J.: 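Here it is: the structure, laid out below.
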There are 2 protein chains.
Amino acid sequence: MNPTMRQLEALVLVYRLGSITKAAAELRVTQSAISLLIRQIEENFQLKLFDRTTRALHPTAACREAIPAAERILSSARGLSQHMRDLVEVRTGRIAVAVSAGVASALLPRILARFRSRYPEVKIDLFDIAPDELLPFVTAGHAEFGIGSFEDDGTSEARIETLMQTPLSAIGVKDGRFEKRRRLTWADLTASDLIAMRRGTRIRTQIDEALAQTGQELKPALEVSLITTALALTAEGAGISILPAHMLPKAQFPTLAAVPLSQPIVNRHVSLLSRADFTLSPAAEQFAEIARRALSTK
Amino acid sequence: MNPTMRQLEALVLVYRLGSITKAAAELRVTQSAISLLIRQIEENFQLKLFDRTTRALHPTAACREAIPAAERILSSARGLSQHMRDLVEVRTGRIAVAVSAGVASALLPRILARFRSRYPEVKIDLFDIAPDELLPFVTAGHAEFGIGSFEDDGTSEARIETLMQTPLSAIGVKDGRFEKRRRLTWADLTASDLIAMRRGTRIRTQIDEALAQTGQELKPALEVSLITTALALTAEGAGISILPAHMLPKAQFPTLAAVPLSQPIVNRHVSLLSRADFTLSPAAEQFAEIARRALSTK
DNA sequence: CGGGTTCATAAGATAACCTCATGAATTGAT
DNA sequence: ATCAATTCATGAGGTTATCTTATGAACCCG
């Protein structure tokens, strides 16, 4: 029969303190409890571990052989507990996060900075992938959760929480007038050169569908694949980009401003995606919480 | 709080089998017992270890981190149990034995051979020391027990058990007549050249005291310090040695024979000496047992 | 949709564990 | 030498842990 932790604890402590009474005091139990534990472990092993007169207490050879093993076991158990506590208190851990490219460049840096300053010990595996990949990637378990814009396709495998919702905006060069506008309509843009995402991308599809419902149509001068391309072109004066406001990283493009578009207002969601049937690790939970705060106060 | 062995056992088994029910079957308890153990360890750690729907069971990241540690702990515990069992069953161990020189050469070889063939895994530290050293050596804890001839000085620290008792004998060369004698008296020897241990040795002291009580006196032609010297001299025809019969190793001196001396009979004891307040290890116990049998049947 | 499977949970039984009270042996001080 | 103090052992009794039984809920599969 295997010894219990309690028995090993008693064994080591009695050995170290050379006394049942002292060991009992250390463990905050009565002397008879320890006396019993020692007897139990001796019965388990069918072996005397201490030669004890009423006065003195001497470990036997067998005891001396057992002590190192017992100490190893106890310290491993304590180490395990400590490690688990560290995980709970996010002093250690590793999380895998998937983000769509747009989120990665515009929103993630701030979230990441906050998280890393708060929980510097946690390792982060960052996967910046195409928006369409987000859902399967997380569902397959490659990442604990994902942040980005994607369709809720209704499969119950995923837990989806909307973190922020920003209107599609016109992004143009600050010229003293443009950035003062509180609002623009789609119709206001007909005279301008427009830069939009290529047909087939999620953003573009959403725009086209929304405009079609109001009998309008987007006629971009330029179509691009990457958000940063659009922004760079706009910054160079090539035209006005049509993008969700949150996708403009202000630090990176200080000369640009975003003005919300109305009639119709087309909202883009940024959501947090995770597997419905899996608990987030404490570290991931904290990451999600920081993402929530960073994006909701915006 | 530290996890219990039982909890770790359940954790590892559930992880390995991917099922609470199967783990329960393996441990011969009900499913609910395991369910409870898992919940307990989760509460201890304040951490989900398995994401479980009613159907499936998935280890969390924390669980995967815990498993190796848990397995180490369990296998150490089993290793410890195994080691203790090996000690009990004398499949391993190490014993320190002290013997006086006379015993070492004449009696020990046979005991040792038997013990080693029966318990080949046990390491033996053999100390062949002067008879006077035997008691302090064992009392000081340098050897688990000793075998030899010594005075029982009455201090209760030692446990003394007489293993054999042999009369002092005349040891001479087999010449067709000498070895046929069943018995000789001390008086019979007055005409012969006698070889005895030097004055001051225990054997000699005992002889002198016993003879003095019957008004006799030993007048050796030669006095030596070592038993083998006496035997070698006798074998070379230098005279008759006066020694306990058991001190003649027959294999080593095939030409010699021992004839008990009477009037008076002077008995020498060979005893097993151990510390009264210490338990013998299982290996030592077996060694003592073999010594007992080897010497009593003689 | 119903039988079969798996996990969760509540209640009760059993076993493990601890405390309390007491005794025996030994030490050390008077 | 005697007596108080210390230390360990042990038996009785209560508390806590642990297991079983019984049942329910969720899910899968045919």
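FYI, side chains are in, hydrogens and waters are out, and symmetry mates aren't considered; it's all heavy atoms of this structure. Since we're looking at a predicted model, the values are computed, not measured. Proteins come first, then strands; the chains are lettered A, B, ... in the order of their sequence lines, and each starts at number 1.
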J.: Nearest whole Å is fine: how far is C:dT26 P from B:Asp277 CG?
T.: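 Result: 11 Å.
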J.: Return the minimal non-hydrogen interatomic distance between B:Ala96 and B:His142, and the atom names on each side.
T.: CB-O, 3.6 Å
J.: Whole angstrom is fine here: how far is it from CG in A:Leu57 over to P in C:dT26?
T.: 15 Å
J.: Calculate the interatomic distance between A:Arg52 atom CZ and C:dA24 atom C1'; express it in whole Å.
T.: 15 Å
J.: Sequence neighbours left out, what pairs pass ring pair (Phe, Tyr, Trp, His ring centres under 6.0 Å) with at least one residue falling in residues 49-82 of chain B?
T.: A:Phe278-B:His58
J.: Taking heavy atoms of chain B and a 4.0 Å limit, find me the 5'-most and 3'-most nucleotide of DNA chain D within that range.
T.: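 First and last nucleotides in contact are D:dT18 to D:dC28.
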J.: 5'-most contact on DNA chain D: A:Leu36 or B:Ala33, nearest heavy atom basis?
T.: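 Looking at the nearest nucleotide for each, A:Leu36 comes out on the 5' side.
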J.: Going by atom types only, do A:Thr279 and B:Asp51 share a side-chain donor-acceptor pair under 3.5 Å?
T.: yes
J.: Say you draw a straight line from CG of A:Leu13 to CD1 of A:Ile20; how long is it, rounded to the nearest 0.5 Å?
T.: 11.5 Å
J.: Test side-chain contact (heavy atoms from CB on, under 4.5 Å) on A:Leu280 and A:Ile95; report intermediate values, then the result.
T.: CA-CA 9 Å; A:Leu280 290 184; A:Ile95 52 181; over 6 Å; no
J.: Where do B:Arg6 and A:Thr4 land on the side-chain contact (heavy atoms from CB on, under 4.5 Å) test, with the steps shown first?
T.: CA-CA 8 Å; B:Arg6 198 99 185 114; A:Thr4 68; over 6 Å; no
J.: If you take any heavy atom closer than 4.0 Å to DNA chain D, which residues from residues 4-24 of chain A end up in contact?
T.: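 The answer is A:Ser19, A:Ile20, A:Thr21.
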J.: Partners of A:Arg118 by salt bridge (Lys or Arg N to Asp or Glu O under 4.0 Å), sequence neighbours excluded?
T.: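 Salt bridge (Lys or Arg N to Asp or Glu O under 4.0 Å) check on A:Arg118 returns nothing, list empty.
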J.: Calculate the interatomic distance between B:Ile38 atom CD1 and C:dT9 atom P; express it in whole Å.
T.: 14 Å
J.: For the rings on A:Phe287 and A:Phe145, is their centre-to-centre separation under 6.0 Å?
T.: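 Centroid distance A:Phe287-A:Phe145: below 6.0 Å, so yes.
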J.: Quiz question: by atom type and distance under 3.5 Å, do the side chains of B:Gln40 and B:Asn44 form a donor-acceptor pair?
T.: no
J.: List for me each residue that meets salt bridge (Lys or Arg N to Asp or Glu O under 4.0 Å) alongside A:Arg72, sequence neighbours excluded, and say none if there are none.
T.: none
J.: Could you run down nucleotides 10-16 of chain C 5' to 3' and tag each one B, S or - for protein heavy-atom contact under 4.0 Å?
T.: -------
J.: Between A:Thr53 and C:dT26, is there a contact of a side-chain N or O with OP1 or OP2 at under 4.0 Å?
T.: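 No, because none of the side-chain N or O atoms of A:Thr53 sits under 4.0 Å from OP1 or OP2 of C:dT26.
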J.: Any salt bridge linking B:Arg292 with B:Glu161? Criterion: basic side-chain nitrogen under 4.0 Å from a carboxylate oxygen.
T.: yes
